[in-house]
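Only a predicted model underlies this, so the values are computations on that prediction, with no experimental measurement involved. Heads up: numbering here begins at 1 and tracks the sequence.
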Amino acid sequence: MNETQNSKTDRRRRRPALSCVSCRRSKIRCDRNLPCGACVRSKHKTCVYEPQGPTRQSDISSVTVGPLQPTDGVSSIDTETTVSSGTSGPAHAHHVDGPHEDHSTHSLTGSTPVDSTSSQIQGPSFDVRSLLDRIRELERRLEEHTERPSGPRSVPRTFNTTTEPVVATYPSYLAGELHTMNKSVMSKTRYLGQSHWMNQIGNFKSVLDIFDRNIRDKKSEPIVVLINKAKAMARTIKAQRTPQLSPKFGNNIPPREIADKLVDGYLRTLESVIRVLHVPSFKKEYENFWLSPESADLTFVILLQLVMAIGSAIYDENFTLRTSAVQWVYEAQCWLISPVPKTRLTLSGLQVMILLCLAQEATSVGPDLVWIPVGQLMRTAIFMGLHRDPKKLPKMNRLRVEMRRRLWNTILELALQTSVDSGGPPQIYPEEYDTCAPSNYDDDQLTDEDDGPANFNPPQRFTDTSMALALRTTFSARLAIVRSLNDVGAQNTYDETIRLHGQLSTAYKSLSQYLQRFTSTDRQPTGFQRRFVDFLVRRYSMSLHLPYFGPAMSEPAYAFSRKNVIEMAAKLWSTVFPSAAVNPRPHRPPPNDTGQTQAGEDDLARFTLCAGGLFRSILSQASMVIGLELQFQLQEDDGLGLPTPRMDLLNRLRDSASWMFHRILIGETNIKGYMFTAGLLAQAEALMNGLKGAELEETIVRAGSEAVRECFEVLKQRLESKVDDTTTTPDAQFNFDTMMAMDEDWEYDGSMQNVLFDFTSIESVLGVTPDTGGMMAPPDFSQWQ
């Protein structure tokens with residue numbers, strides 16, 4: 001009889017008890033919460049559930065866990081009679097050391113079990129502390145599991161961190177010592193983050209070693225002689241461009257006809273995307289200036305000169321106003337550092353500071369150091385309260401409200417762009433500012449007397465602010481990318497890179513959809529506006545994947561990054577020069593060809609030919625990527641015939657060599673970028689012809705030597721045409737024929753270590769030298785070199 005009763009009891013107990021003890025005893029429905037609704041209504045002091053039978057150790061991995069970290073409610077509980085309110089379902093205590101198996105899967109978030117089997121009831125009591133310990137244990141194990149790399153997509157950015165030292169020094173006979181660290185490179189006194197182009201220079205070690213070896217073995221000594229002569233001539237040419245500073249600013253204003261073209265050039269290009277001025281107010285002051293130039297406000301004179309300095313970069317294909325533009329930039333710098341700095345704490349002062357940063361890039365006056373004054377610009381704006389929305393400040397008219405928003409929006413954009421160029425952290429923290437984006441107003445809708453109700457334009461109406469708002473839609477995605485690249489504490493995996501890529505792709509689609517609204521309206525974005533915005537945004541996608549571009553050549557897991565970098569580089573080049581993929585410019589145009597047919601009236605192409613900063617660095621980086629991809633494509637081709645590359649990439653590389661030479665024709669004085677690109681192009685063409693070993697090296701060195709000779713002749717002609725100029729400084733008045741005959745004084749020695757490649761700045765390899773040499777004292781402008 002007793003055996004029969006025990007058998008019935010066992011059969012009943014195979015069904016798990018899901019209701020609480022009180023509801024089971026009262027035989028009422030239990031909602032299985034903790035505490036359950038019935039116990040709350042009946043004011044029971046305790047609402048407990050009977051524990052289920054033991055479970056297997058292997059079942060731990062099948063438990064579905066909610067948060068990755070313990071919630072405050074769970075982690076703070078130390079009593080045995082209370083449980084966190086964040087747990088919405090019944091908590092079950094499991095014992096991993098029991099002999100029985102339990103195939104049930106329970107959710108710690110309160111969901112009901114999906115499957116249950118019978119187990120022996122261990123006792124009527126319920127140990128809350130053991131349940132909390134179990135939760136902590138499961139969350140700890142889950143955290144360990146998620147942090148453990150599970151495949152190639154979880155590889156961190158710092159490759160081979162277990163085998164390489166924290167700081168690796170790579171000595172070079174030509175370049176000196178380069179110190180590579182996690183996500184950065186340090187050369188001499190400059191710390192360059194991961195977005196800086198120098199982090200990719202190691203991928204070109206094979207080409208650099210060829211030049212290095214030939215110089216060290218004195219096989220290419222004529223190259224050293226020509227380069228040193230070119231450096232001497234470059235210093236003379238830059239000395240001729242050094243402005244003669246005067247205590248009175250504004251003495252170098254061009255005639256009205258030229259000034260109108262310079263102002264219009266700025267207003268139709270950069271101002272239409274990166275808003276700085278209130279155009280009607282500026283034009284009104286501009287007209288007043290020509291009525292009485294002597295009585296014009298000094299702040300406006302400096303502002304006008306900076307506007308003209310930017311416009312001079314696209315005035316003509318030859319940048320004939322370069323010397324005047326450099327002088328205008330110097331005068332603005334001198335004005336900003338003059339005494340009584342508090343007088344600069346105005347909106348006009350901020351406009352001058354913004355335009356100075358843009359003008360430094362347009363005229364190549366220290367373009368790789370603009371990130372430093374942008375930091376001062378941001379702190380000045382914060383000191384003036386531009387980081388707070390005008391609604392939270394004392395009442396002001398609509399014009400002032402919108403100008404403050406526009407300027408803050410522009411400062412954020414400059415901080416982000418210069419962060420990518422310099423490799424420095426963006427130092428932009430959204431939680432520290434609450435200024436709204438500019439409103440969709442045309443400039444003529446904003447006046448000083450307008451204090452009435454706002455007359456907002458619909459989003460589908462194109463206004464003077466639409467392009468700035470379109471660029472703003474991608475700001476958060478681009479900021480996340482720059483932080484992942486340049487922030488010291490960012491430790492991202494490849495999964496994070498793919499996630500950021502998805503965010504940027506989504507933002508770019510939103511940007512495209514935003515601009516598509518205006519296709520059917522009377523007023524639409526100009527060709528420059530569309531291409532310039534596309535030029536700015538696409539670079540972030542290339543920069544994001546560049547850290548994986550080199551490793552992708554040997555690691556298939558990064559094939560997506562390799563494909564993305566190449567496609568972005570090709571699109572960036574085609575954005576500026578659409579016909580380059582099919583019809584590149586001649587590789588070695590004659591010296592009197594300045595590329596007028598290619599640039600024509602194309603403002604964006606003229607900026608990339610004449611200006612520095614991002615206009616040069618983006619295309620230069622794209623050129624390096626294309627050259628490296630061609631090298632690997634040709635080396636990976638294992639066909640029976642000669643290797644065949646992508647012809648569109650080869651044409652773009654040919655076009656890039658011509659582009660760099662055109663920059664020298666226009667006024668650049670550094671010839672190393674053209675020499676390096678000519679070497680990359682010669683390597684690609686030699687690999688196409690099946691050359692290897694010594695023949696390949698000889699072809700690369702010969703191409704580099706020919707490029708140096710070409711550029712040397714260009715600089716020689718330019719110096720000869722100006723050697724008798726009365727504005728030449730005394731240092732430049734030396735015997736030109738004597739310098740040309742100094743071959744015996746150019747014997748190679750240890751002092752020529754950095755003759756070919758000095759990696760301290762972008763112009764060293766990419767072929768640009770700021771026109772700031774030969775500084776005059778006083779004042780000392782060395783901080784802007």
Side-chain angles (χ1 to χ4, degrees), residues 224-245 252 309 312-313 315-330 360-368 590-595 609-612 616 660-675 707-742 746 754-756 758 761-777 781-782 784-785:
V224 179
V225 174
L226 290 177
I227 289 180
N228 277 275
K229 288 182 178 180
K231 289 170 69 70
M233 287 189 292
R235 286 191 291 267
T236 304
I237 294 172
K238 290 184 291 184
Q240 294 173 351
R241 295 174 180 169
T242 302
Q244 299 290 336
L245 294 180
N252 193 30
S312 64
Y315 175 70
D316 56 14
E317 292 87 351
N318 298 323
F319 204 172
T320 55
L321 296 177
R322 183 191 295 270
T323 302
S324 297
V326 171
Q327 177 172 349
W328 295 331
V329 171
Y330 276 37
Q360 284 185 253
E361 294 191 335
T363 59
S364 296
V365 178
D368 56 333
N592 58 354
D593 181 3
T594 59
L609 283 169
C610 302
R616 171 249 300 147
M660 289 187 177
F661 186 60
H662 285 171
R663 290 183 62 90
I664 296 173
L665 290 172
I666 291 172
E668 295 298 343
T669 57
N670 194 306
I671 66 178
K672 300 168 195 171
Y674 178 53
M675 172 189 171
V708 171
R709 291 187 182 93
E710 262 190 311
C711 297
F712 175 78
E713 291 299 324
V714 173
L715 296 179
K716 181 179 178 180
Q717 292 178 9
R718 185 179 304 147
L719 187 60
E720 287 176 338
S721 64
K722 296 183 178 181
V723 72
D724 296 328
D725 195 331
T726 56
T727 61
T728 306
T729 60
D731 291 339
Q733 302 288 355
F734 60 88
N735 192 310
F736 182 77
D737 295 331
T738 301
M739 186 189 74
M740 293 296 101
M742 291 172 62
W746 298 103
N754 292 324
V755 162
L756 291 183
D758 177 12
S761 61
I762 189 169
E763 61 268 11
S764 307
V765 169
L766 302 185
V768 178
T769 300
D771 297 313
T772 57
M775 294 294 99
M776 299 178 61
F781 291 100
S782 59
W784 293 299
Q785 291 184 0

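Between the CD atom in Glu713 and the NZ atom in Lys716 there is a gap of 5.5 Å [rounded to 0.5 Å]. Taking CZ of Phe661 as the reference point, atom CD1 of Ile666 lies at 11.0 Å (rounded to 0.5 Å). The distance from the CE atom of Met675 to the CD atom of Glu710 is 13.0 Å, given to the nearest 0.5 Å. Of the inter-residue distances, the one linking Leu715 atom CG with Ile237 atom CD1 reads 5.0 Å to the nearest 0.5 angstrom. Rounded to the nearest 0.5 Å, atoms CZ (Phe319) and CG (Leu609) are 11.5 Å apart. For the atom pair Gln327 CD and Leu321 CG, the distance stands at 12.0 Å (nearest 0.5 Å).
Side-chain contact between Val329 and Gln360 is present, with at least one heavy-atom pair separated by less than 4.5 Å. Between Tyr315 and Thr320 there is a side-chain heavy-atom pair separated by less than 4.5 Å. Counting heavy atoms from C-beta outward, Val714 and Arg718 have side chains that approach closer than 4.5 Å.
For the residue pair Ala234 and Thr669, the shortest heavy atom distance occurs at CB-CB, 3.6 Å. The shortest heavy-atom contact between Arg616 and Pro367 is NH2-CG, 3.1 Å. Counting all heavy atoms, side chain and backbone alike, Ser364 lies closest to Ala611 at OG-C, 3.9 Å.
For Tyr674 and Glu668, the side-chain atoms include no donor-acceptor pair closer than 3.5 Å.
Side chain of Arg322 to backbone of Ser312: no donor-acceptor contact under 3.5 angstrom is found. Looking at Asn670, its side chain does come within 3.5 Å of a backbone N or O of Lys672 through a donor-acceptor pair.
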